[in-house]
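Following: one structure in structure tokens, then a few remarks.
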Amino acid sequence: MITKVLSVGGSIIAPAQPDTAFLAEFTAMVTDWLMANSETRLILVAGGGAPARVYQNAYRDVVDHFTDAQKQASMFADKDLTDYACDWLGIMATRLNAQLLKTVFGPLCQQDVVTDPTQVVDFTGRILIASGWKPGFSTDNDAVLLAERFKADTVVNLSNIEKVYTDDPRKNSNAVPLDTISWAEFRKMVGNEWEPGKNCPFDPIASKRASELGLTVICAGGKNIANIRAILDGGAFVGTSIQ
């Protein structure tokens, strides 16, 4: 059985609230693809999206109301503990989105949502849904760990960007979209540190592990259903291959 892994960004599932039009179209395409490819199965890893950032920002706003003395007397003076708390808020958002994905795929997904990619899972259905695991990285890293475990050679990272650029195109008008990039060059761009809510094409911690494993990661726009189908079919697609 061939296993393919899709990291479905929370910005695609719930950009402000659950995108029901996208979910309906995505579910129909995936179901059709699985029916046409009986020897394949999919692992979908859900990101946190708007719910994650809403709650992380709410937490930070509450902290801002504390006096300096109150912050010093509590965990709020410790950035590591604050980041840890924000990570957990993001993780819980991914679990909500993952449960939504599991629900819409119905009998194709027979297992409970995977919250620990290292746990033993009897993958008996055609789709396995996973969410965030623990603080320190994003769901991109969970996707890489699941790809390693189930011997997938590629992770498809679906987000709100169609390609990786040489720089942030919102800040640099000279940024150029890339069709391919090496892991060495990509890791120079994203760095080595993870911050809760960090917005980058692929999590730095996941990037390190993927490069060590020799995985290919395809970054592509998550709203282009036909393009996702082309990636699954191994055809020509719009996106960036990191390898």
Any [X] side-chain heavy atom under 4.5 Å of [Y] side chain:
X      : Y      : value
Pro201 : Asn157 : no
Ile91  : Pro135 : yes
Met1   : Phe123 : no

Within this structure, what is the [atom1]-[atom2] distance for the pair [X] and [Y], rounded to the nearest 0.5 Å?
X      : Y      : atom1 : atom2 : result
Arg229 : Leu232 : CZ    : CG    : 7.5 Å
Thr124 : Gln110 : OG1   : CD    : 4.0 Å
Ile2   : Leu42  : CD1   : CG    : 11.0 Å
Ser11  : Leu158 : OG    : CG    : 9.5 Å
Gln99  : Thr115 : CD    : OG1   : 11.0 Å
Asp122 : Leu128 : CG    : CG    : 10.5 Å

| task | Any pair with a residue in residues 201-214 that passes salt bridge (Lys or Arg N to Asp or Glu O under 4.0 Å), sequence neighbours left out, goes on the list, sorted by first then second residue, please. | result | Glu148-Arg209, Lys208-Glu212, Arg209-Glu212
| field | Of all pairs that satisfy salt bridge (Lys or Arg N to Asp or Glu O under 4.0 Å), the ones with a partner from residues 127-146, not counting sequence neighbours | value | none
[X] side chain vs [Y] backbone, donor-acceptor pair below 3.5 Å:
X     : Y     : answer
Lys4  : Thr40 : no
Gln56 : Leu89 : no
Thr31 : Ala28 : no

Grouping I, L, V, M, F, W and Y whenever their side-chain heavy atoms are under 4.5 Å apart, do [X] and [Y] come out in a common cluster?
X      : Y      : result
Val217 : Ile43  : yes
Val156 : Leu101 : yes
Leu146 : Leu44  : no
Val155 : Ile12  : no
Leu100 : Ile225 : yes

Search all heavy atoms of [X] against all heavy atoms of [Y] and return the closest pair with its distance.
X      : Y      : answer
Lys102 : Asp112 : CE-CA, 4.2 Å
Leu145 : Pro117 : CD1-CG, 3.8 Å
Gly47  : Thr139 : CA-OG1, 3.7 Å
Val113 : Ala98  : CG1-CB, 3.7 Å
Val45  : Ser131 : CG1-O, 4.5 Å

| task | Start with the C-alpha gap between Thr94 and Trp133, add the side-chain angles, then the distance that decides, and say whether side-chain contact (heavy atoms from CB on, under 4.5 Å) holds. | result | CA-CA 9 Å; Thr94 72; Trp133 175 24; over 6 Å; no
| Pairs satisfying side-chain hydrogen bond (donor to acceptor under 3.5 Å, both in side chains), at least one member in residues 17-30, at least two apart | Asp19-Lys223
| Step-by-step side-chain contact (heavy atoms from CB on, under 4.5 Å) determination, Asp83 to Asp87 | CA-CA 6 Å; Asp83 284 351; Asp87 257 343; 5.6 Å; no
Taking only residues two or more places apart in sequence or in another chain, which ones pass salt bridge (charged side-chain N to carboxylate O under 4.0 Å, His left out) with [X]?
X      : answer
Asp116 : none
Arg126 : none
Glu162 : none
Lys188 : Glu185

| field | Phe202 and Phe186 aromatic centres sub-6.0 Å | value | no
| remark: side chain to side chain donor-acceptor pair (under 3.5 Å) filter on Asn37, not counting sequence neighbours, yields none
| said: Could you work out, with side chain to side chain donor-acceptor pair (under 3.5 Å) as the rule, every residue matching Asp179, not counting sequence neighbours? | reply: Lys163
| said: Holding to side chain to side chain contact (heavy atoms under 4.5 Å, CB included), I want the full list of residues that pass it with Ser211, two or more places apart in sequence or in another chain. | reply: Trp183, Arg187
| message | How about CE on Met35, more than 12 heavy atoms from neighbouring residues, nucleotides or ligands closer than 6.0 Å, or not? | response | no
| field | Any residue meeting ring-ring contact (aromatic ring centres under 6.0 Å, His included) with Tyr55, in chain and number order, not counting sequence neighbours | value | none
| task | Carefully, step by step, assess Tyr165 and Asn172 under the rule side-chain contact (heavy atoms from CB on, under 4.5 Å). | result | CA-CA 10 Å; Tyr165 281 71; Asn172 181 357; over 6 Å; no
| Verdict with reasoning, Asp167 to Lys171, per salt bridge (Lys or Arg N to Asp or Glu O under 4.0 Å) | CA-CA 8 Å; Asp167 197 2; Lys171 300 176 181 177; over 6 Å; no
| said: Before you tell me yes or no, could you show the steps for Phe26 and Leu6 under side-chain contact (heavy atoms from CB on, under 4.5 Å), namely the whole-Å CA-CA distance, both residues' side-chain angles and the distance that decides it to 0.1 Å? | reply: CA-CA 12 Å; Phe26 179 71; Leu6 274 65; 4.2 Å; yes
If you look only at distance, which donor and acceptor atoms sit under 3.5 Å apart when one is on a side chain in residues 236-243 and the other is two or more places apart or in another chain?
| from | atom 1 | to | atom 2 | distance (Å) |
| --- | --- | --- | --- | --- |
| Thr240 | OG1 | Val164 | N | 2.9 |
| Thr240 | OG1 | Leu178 | O | 2.4 |

